[in-house]
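Working notes, structure below.
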Amino acid sequence: MTAGLQTIVYPVTDLVKARAFYGALLGEPTTDTPYYVGYRAAGQDIALDPNGAKQGMTGPIGYWHVEDIDKQIAAMVAAGAVVRTEPRDVGGGRLIATLADADGNPVGLLQP
């Protein structure tokens, strides 16, 4: 059902400061744009999103990689999840969505 938790997105307010901070830990980014800075470390994608807070992110969200995001959302909603953000294309056909579990914890889904 899932390829695992492979992506973590951090909402940041100052991309320049965040890039310096995470760069000190992770080295040079693999993607460096004004709307997204991404790193790859030990098979994990780490992303900095300067628009995350505007989209309702209050902290980092882990994204589980799934084959069929719509099917996975339906199964999770049937199990009690609430959809926070509907699937949206974030580039190259990659889809992301955010749900909340029964305790309100955010759970991200990513379809490559």
Any idea which heavy atoms bring I61 and G108 closest together, and the distance? CG2-N, 3.7 Å
What verdict does the side-chain contact (heavy atoms from CB on, under 4.5 Å) test give for N51 and Y35, after you've listed the backbone C-alpha separation in whole Å, the side-chain angles of each residue and the deciding distance to 0.1 Å? CA-CA 7 Å; N51 297 306; Y35 58 89; 4.3 Å; yes
Any link between V12 and F21 through a network of hydrophobic side chains (Ile, Leu, Val, Met, Phe, Trp, Tyr) touching at under 4.5 Å? yes
Looking at every non-hydrogen atom in both residues, tell me the closest pair between Y36 and A47 and how far apart they are. CE1-CB, 3.3 Å
Verify same cluster id: V66, V107 (apolar side-chain graph, 4.5 Å): yes
Would you check, one step at a time, whether the test side-chain contact (heavy atoms from CB on, under 4.5 Å) holds for V37 with L15? CA-CA 8 Å; V37 174; L15 195 56; 3.8 Å; yes
Test side-chain contact (heavy atoms from CB on, under 4.5 Å) on L5 and H65 and set out the steps. CA-CA 6 Å; L5 184 65; H65 289 217; over 6 Å; no
Linked, directly or transitively: V77 and V82 (ILVMFWY side chains, under 4.5 Å): no
Side chains of D70 and P87: does their closest heavy-atom pair fall under 4.5 Å? yes
Using the side chain to side chain donor-acceptor pair (under 3.5 Å) rule, collect all pairs that involve residues 102-112, keeping only residues at least two apart or in two chains. D101-N105
Minimum heavy-atom separation for A53 and P11, please, with both atom names. N-CB, 3.9 Å
Between Q55 and R84, does any side-chain donor sit less than 3.5 Å from a side-chain acceptor? no
Does L95 belong to the same Ile/Leu/Val/Met/Phe/Trp/Tyr cluster as V90, with side-chain heavy atoms less than 4.5 Å apart forming each link? no
Cluster check L25, Y10: I/L/V/M/F/W/Y, side chain < 4.5 angstrom: yes
Output all residues satisfying side chain to side chain donor-acceptor pair (under 3.5 Å) with T2, sequence neighbours left out; order by chain, then residue number. none
How close do I46 and Q44 get, heavy atom to heavy atom, and via which atoms? CD1-CG, 3.7 Å
Closest non-hydrogen contact found for I8 with P60 is CG2-CB, 4.1 Å
Between Y63 and V9, the two heavy atoms sitting closest are CE1-CG2, 3.6 Å
